[in-house]
A.B. asks: 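The structure is given below, and queries will be raised subsequently.
Because only heavy atoms are used, hydrogens play no part in the values below, and waters and symmetry mates are left out as well, while side chains stay in.
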Amino acid sequence: MQADVTRLPDRERWLREKWNQHRKQKRKMKRMVLAVQIFLLLLLIGWWELAGRMKWIDVLIFSYPSKVARQIFKDAASGELWPHLAMTVGETAVGFLLGTLLGTLLAVLIWWSPFLSKVLDPYMVVFNSMPKVALGPIFIVMFGAGFTAIVVTTLSITVIVTTLVVFNSFNEVDANLVKVIRTFGGNRRDVFMKAILPASFPTIVSTLKVNVGMAWVGVIVGEFLVAKIGLGYLIVYGFQVFNFTLVLSSLVIIAVVATAMYQLVVYIERKLVRER
């Protein structure tokens, strides 16, 4: 017994060293991945710039990075960019939040009522498979050509996807957890609050990341159809006047803002999961 006690600190020290080595390797891998990502991005930008300067590509259509950067800085300095950016980001944020909330609530509702789940299942599948661009004109007639129609277009994409993902997560919870709660006299509310929801929380949070991309797709599609302001409108306008540098600059801005929004959601997910 005494020998086991004396060995205990050595074992703890060994485990601590192994844990520190694992953390160092993980940090090293993360830095390597980031370095390679940055290198590939710079390589792509450099090749694009060189191809444009050397006329290997049609600069009227594909432009090149320095020209795109000048377009962005010019629009930002003149103030023309900010109303379009603010409108698109606002529409995306509203569509993202409402889509996640409504989709999760709908998933809870159809889980709570197996009858309702069977009734709505084919309708959700069919609606999810429909091209949302085709629904756009209907939304315009119903809600007018503006902010509401664009948000509804976004919801048509985000809500059903969120509902299906979260509902499937509810159904995949270990049945033994449900049996234990039922054994101790728990009702359906107890099953949901003590087993289904806690077990599905990581999936619900991860759905936020999926909805970032879905929300951007919905907003840009909506702006293509009805907007008179926004980044989607700038893309359409650029095509109409054959200013493809404006088109590419709008796409670059969308990529940057969408990436920032995605990283914010990843940070929130990490904080929420860690707290749990």
Side-chain angles (χ1 to χ4, degrees), residues 37 40-96 99 131-141 143-158 211-264:
Q37 289 174 336
L40 291 176
L41 178 62
L42 294 177
L43 183 65
L44 176 62
I45 293 174
W47 182 88
W48 184 13
E49 181 75 20
L50 180 63
R53 297 283 186 177
M54 301 298 294
K55 307 300 182 183
W56 296 341
I57 58 176
D58 188 344
V59 295
L60 177 64
I61 298 176
F62 298 103
S63 192
Y64 47 88
S66 60
K67 192 175 180 181
V68 171
R70 286 196 298 270
Q71 179 75 46
I72 294 174
F73 290 138
K74 179 177 73 69
D75 292 340
S78 66
E80 295 179 6
L81 172 64
W82 305 117
H84 296 284
L85 180 59
M87 178 59 70
T88 300
V89 171
E91 292 164 345
T92 305
V94 172
F96 166 74
K132 304 308 181 289
V133 176
L135 297 175
I138 298 176
F139 296 146
I140 295 172
V141 173
F143 303 103
F147 181 89
T148 303
I150 294 173
V151 171
V152 172
T153 302
T154 306
L155 294 179
S156 69
I157 297 175
T158 57
N211 278 350
V212 170
M214 293 294 182
W216 276 98
V217 170
V219 166
I220 298 304
V221 167
E223 289 184 345
F224 281 173
L225 296 173
V226 303
K228 296 180 180 179
I229 186 173
L231 297 176
Y233 165 77
L234 288 181
I235 293 174
V236 174
Y237 175 76
F239 275 116
Q240 291 174 343
V241 299
F242 292 95
N243 185 353
F244 293 102
T245 300
L246 177 61
V247 173
L248 290 171
S249 66
S250 301
L251 292 175
V252 169
I253 294 171
I254 291 172
V256 171
V257 178
T259 301
M261 188 174 174
Y262 180 85
Q263 291 301 322
L264 177 61

A.B. asks: I need the full list of ring-ring contact (aromatic ring centres under 6.0 Å, His included) pairs touching residues 60-79, with sequence neighbours left out, sorted by first then second residue.
C.D. replies: none
A.B. asks: How about Leu231 and Ile235: do any of their side-chain heavy atoms sit closer than 4.5 Å?
C.D. replies: no
A.B. asks: Identify each donor-acceptor pair in which a side-chain atom of residues 213-222 lies under 3.5 Å from a protein atom, sequence neighbours left out, and give them as a table.
C.D. replies:
none

A.B. asks: Between Phe143 and Val151, is there a side-chain heavy-atom distance shorter than 4.5 Å?
C.D. replies: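 No, too far: nothing below the 4.5 Å cut-off.
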A.B. asks: Which pairs count as side-chain hydrogen bond (donor to acceptor under 3.5 Å, both in side chains) when at least one residue sits in residues 222-243, sequence neighbours excluded?
C.D. replies: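 Every pair satisfying side-chain hydrogen bond (donor to acceptor under 3.5 Å, both in side chains) with a residue in residues 222-243: Thr88-Glu223.
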A.B. asks: Just verifying a value: how many Å separate Met87 CE and Ile150 CD1, rounded to the nearest 0.5 Å?
C.D. replies: 7.5 Å
A.B. asks: Could you list the residues that satisfy salt bridge (Lys or Arg N to Asp or Glu O under 4.0 Å) with Glu49, not counting sequence neighbours?
C.D. replies: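 Here the qualifying residues are Arg53.
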A.B. asks: Counting C-beta onward and ignoring hydrogens, is there a side-chain heavy-atom pair between Phe139 and Leu225 closer than 4.5 Å?
C.D. replies: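 With C-beta onward as the side chain, the pair stays apart.
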A.B. asks: For Ser63, enumerate each residue passing the side chain to side chain donor-acceptor pair (under 3.5 Å) test, keeping only those at least two apart in sequence or located in another chain.
C.D. replies: Thr245
A.B. asks: Mind checking side chain to side chain contact (heavy atoms under 4.5 Å, CB included) for Ile45 and listing every partner two or more places apart, or none if nothing turns up?
C.D. replies: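 Ile45 satisfies side chain to side chain contact (heavy atoms under 4.5 Å, CB included) with Leu41, Pro65 once adjacent residues are dropped.
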A.B. asks: With sequence neighbours excluded, tell me which residues meet side chain to side chain contact (heavy atoms under 4.5 Å, CB included) with Leu50.
C.D. replies: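 By the side chain to side chain contact (heavy atoms under 4.5 Å, CB included) rule, Leu50 matches Met54, Trp56.
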A.B. asks: Taking side chain to side chain contact (heavy atoms under 4.5 Å, CB included) as the test, write out the residues that go with Ala93, two or more places apart.
C.D. replies: none
A.B. asks: Under the ring-ring contact (aromatic ring centres under 6.0 Å, His included) rule, collect the residues that match up with Phe239, sequence neighbours excluded.
C.D. replies: Phe244
A.B. asks: Would you mind writing out the side-chain donor-acceptor pairs for residues 250-261 within the sub-3.5 Å range, not counting sequence neighbours?
C.D. replies:
from	atom 1	to	atom 2	distance (Å)
Ser250	OG	Leu246	O	2.9
Thr259	OG1	Ala255	O	2.7

A.B. asks: How long is the straight-line distance from CG of Leu85 back to CD1 of Ile72, given to the nearest 0.5 Å?
C.D. replies: 10.5 Å
A.B. asks: Sequence neighbours left out, what pairs pass salt bridge (charged side-chain N to carboxylate O under 4.0 Å, His left out) with at least one residue falling in residues 55-71?
C.D. replies: none
